Amino acid sequence: MNVEVIDSLLSTLTPSQREAVESIDGPVAVIAGPGSGKTRVVTVRGAYIATKGIPLRSILALTFTNRAANEMKERVCDILDRCGFTFDRSEILFSTFHSFSLWLLRRFADRIGYRNDFSIVDENDQKAIINEILKGTGIDSKFSVKRLVEIFSAIRCNINDYYEIEYSNLPCDEELYEIFESYRSYLFKHSLMDFDDLLLNTLMLFRDHPSILNWVRNRFKYVMVDEYQDTNRVQYYIVKNIAEEHRNICVVGDEDQSIYSWRNADIRNIMDFEKDFPDAKVIFLKENFRSTPFIISVANAVISKNSMRRWKVIESVKTGGSKVKLYEAIDERDEARFVVSKIKELKRPYRDYAIFYRTNYQSRVFEEELIRERIPYVLVGAFRFYERKEVKDVISYVRFILNLDDLFSLKRIINVPNRGIGEATFRLIMERIEQGMDVMSALKSLLSSPLLTVTRKQGIKSFIELIEYMRERVNVFAPSEFIAELLERSGYKKMLEEDGTGEAYSRLENIKELLNVASEYDELEDGLRYMIDRITIATSVDNYRESDCVTLMTLHSAKGLEFPVVFIAGVEEGLIPHSLSEDSYEIEEERRLFYVGITRAKDELFISYCKRRSVYGKLKDSKPSRFIKDIPDKYLEFIKLEVPSKVNSKSTSKRDSDDSGTIRRGDIVEHPIFGLGSVIDIYGSGDSAKALIRFEKVGVKLIALSFANLRKL
DNA sequence: ACTGCATAACTTTTT
DNA sequence: GTTATGCAGT
């Protein structure tokens, strides 16, 4: 092992960064301001621990996104490689809370009464299940299904004492209680866990099985948690349980960047770290390597108005830069014109710019304006591959095949493609199951039932045969073969092929893409199961920065990113802070959200607000956000749109247009009928590729690239 | 079982 | 203003 490499790496760190890296024994909290090199500290620290002779498998790093986990793991491996350190990559466990819980529960769920091959339901599944319960019980709830999902999540995330997991926080409202209990028993009965269950059941496992907890404690003697300010109460107890004995815990976070309390993140976790671990060392990373001084001054001015925070001021390491620009727009159209004209004026590569807004609907006017000016852009977070209907259908098939108790998945796919098994027939099946039959027997019993016509029976028969055939092949076929076979045998593929509509076409493409994903699991043991798990707890791929595009996203999505030039739009009362935020606690979170936006900017920051804005089709007067008043004028430059922005409307863009003719995400294209549009997403490839395009005039359409005569601009 | 029209809803969204 | 949802009608 080459110690010099790690030594020279350490010498590039600031004293406080270095202290954070080198404090590996005992509890440590690293309060890492924006742009303070947090990721670097975490990764170097991981490698540093390993070079101190601690086995890699003793290190557990928990994050919130798969992206962060993978990125950090890569970087740690990289450092270790450079040190000439020999190690096995698979020994390193950098994972999200949810994957970690899943990893444990796949082994031990049976200890808490579950089956080890339970399935996982996502948020849409939760809604569907609750809907079913409401219909089944006839309860006409005063809460929307969406709200119920939130309430149930809050009930289970905000526990105060993990020895009373099941009993704390139950709803007093009788009706609510009934729906909640029905929901829980529905999941349990069908061997399903939602995202919250994964965490909560891990905690139960720890509580009820000290031997397992002990095993976990001794396996993971060094624990790191990233984005600690975003942990919820259950996650907090999980961490605490694991780290309590060896006490080598390092949490990294920044309460000023906590913006997910609406998802039950609890700021107390990071604020009270010293109370939980009285011998904790608290290290502040205050130097900011990202932004120019005016931006930092504005950020400090804004965040200093919050009371729920440790007192700290971030310091800019950079020099130079200009004041933060403030623009008062007439309405949102004017605001978009302003932003677009600035983008053209500054003449930077498009990838340098980001436009942030509070709510997704605000993106529209920016999109229209960017299309008009032929500026390529990408919308981040708008479309999710795994939430598409066809992908979910296939997953439901696999889930049911793997777990016959997963009647929820069964319901989704039993009549797709159409087998003549509608609502009524399905109810017959359910009745039989409720009488104690298992699914397959229930289905079979219907074949001899006088209640059904011959064609119905035929449909059921073919379904039974399909499932039995596929079940026999779960461990025979590789995941991609398995799914291909399933698509053929079920007639799903045929159904789409015969449909012939553009929509069906793009679905076929998505399914091909799913097969691609599946083939990545072909070599793995239990690959099919593993793949379904990963897909359910993963979100879409984020390759949005591959081409030279302006980036559009919500302030929430912006966390963790940085851009040379940032526009924050719609900084008005009612948007930031949002009108649904009422109490001071919520207002503080809104302020943090604004702070997160500000601190993404490296060189230039533009803040804008409108005097008028149309909300749901109605024009309303707007006032600048109270947060703007918190910024001293001396850091600001008030600007006006000098020239009517039409001047050089035609392409100031010195974008090296890519002549390959390939159409990619973000490209601006012209359609013979629909006119100018921007490519939001591409499905499939080759002749059958399809593009989702937002047109300036006619909205979003799905276009087959080989048929439509699109001209790339 | 599917189609079409009226009606409600609508902040953010790491897993 | 747009989009998803639900109910009535074929």
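Quick note on labels: first sequence line is chain A, next is B, and so on, each numbered from 1. Note that the structure is a prediction, hence the values are computed from the model and not measured.
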Please give, in whole Å, the distance from [N] [atom2] to [X] [atom1]?
X       : N       : atom1 : atom2 : value
E71(A)  : dT14(B) : CD    : C1'   : 13 Å
K127(A) : dT13(B) : NZ    : P     : 13 Å
R613(A) : dG1(C)  : CZ    : C1'   : 14 Å
M553(A) : dT13(B) : CE    : P     : 11 Å
R419(A) : dA1(B)  : CZ    : P     : 14 Å
R333(A) : dG1(C)  : CZ    : C1'   : 13 Å
Q362(A) : dT2(C)  : CD    : C1'   : 16 Å
E332(A) : dG1(C)  : CD    : C1'   : 11 Å

message: Using a 4.0 Å heavy-atom cut-off to protein, can you give one letter per nucleotide of nucleotides 2-12 of chain B, 5' to 3': B if the base is in contact, S if only the sugar-phosphate is, - if neither?
response: S-------BBB
message: Within the 4.0 Å heavy-atom criterion, would you say D230(A) contacts the bases, only the backbone, or no part of the nucleic acid?
response: base
- prompt: With a non-hydrogen cut-off below 4.0 angstrom, is E227(A) in contact with a base, only sugar-phosphate, or nothing?
  reply: nothing
message: Under the rule for side chain to side chain contact (heavy atoms under 4.5 Å, CB included), what residues qualify as partners of T65(A), not counting sequence neighbours?
response: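 Side chain to side chain contact (heavy atoms under 4.5 Å, CB included) check on T65(A) returns R67(A), A68(A).
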- prompt: Expressed as a whole number of Å, how far does the P atom of dT12(B) sit from that of dT5(C)?
  reply: 16 Å
query: Would N403(A) and S191(A) count as having a side-chain donor-acceptor pair, cut-off 3.5 Å?
result: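 Result is no, nothing qualifies.
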query: Listed by chain and number, what are the ring-ring contact (aromatic ring centres under 6.0 Å, His included) partners of F97(A), not counting sequence neighbours?
result: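 F64(A).
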- request: Tell me, please, which residues at least two apart from Y260(A) pass ring-ring contact (aromatic ring centres under 6.0 Å, His included).
  value: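 Testing Y260(A) for ring-ring contact (aromatic ring centres under 6.0 Å, His included), a comparison that skips the adjacent residues, returns W262(A), H556(A).
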query: Are any of R67(A)'s side-chain N or O atoms less than 4.0 Å away from OP1 or OP2 of dT14(B)?
result: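 No, because none of the side-chain N or O atoms of R67(A) sits under 4.0 Å from OP1 or OP2 of dT14(B).
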query: Relative to F594(A), does R591(A) satisfy both conditions: NZ or CZ under 6.0 angstrom from the six-membered ring centre, and within 45 degrees of the ring's axis?
result: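 Geometry flag: not set, cation outside 6.0 Å or 45°.
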message: Tell me whether the NZ or CZ atom of R106(A) lies within the 45° cone about the ring axis of F118(A) and under 6.0 Å from its centre.
response: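 Yes, a cation-pi geometry holds between R106(A) and F118(A).
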task: Answer yes when E572(A) and R358(A) have at least one side-chain N-carboxylate O distance shorter than 4.0 Å, and no when they do not.
output: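 Salt bridge: no.
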- prompt: Is there side-chain contact between T202(A) and V234(A), with heavy atoms separated by less than 4.5 Å?
  reply: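 No, their side chains stay 4.5 Å or more apart.
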task: State which residues pass salt bridge (charged side-chain N to carboxylate O under 4.0 Å, His left out) with E227(A); sequence neighbours excluded, sorted by chain then number.
output: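 If we apply the salt bridge (charged side-chain N to carboxylate O under 4.0 Å, His left out) test to E227(A), skipping adjacent residues, the hits are K38(A), K559(A).
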Could I get a table of every N or O pair under 3.5 Å where one atom is in the protein and the other is in nucleotides 5-10 of chain C?
none

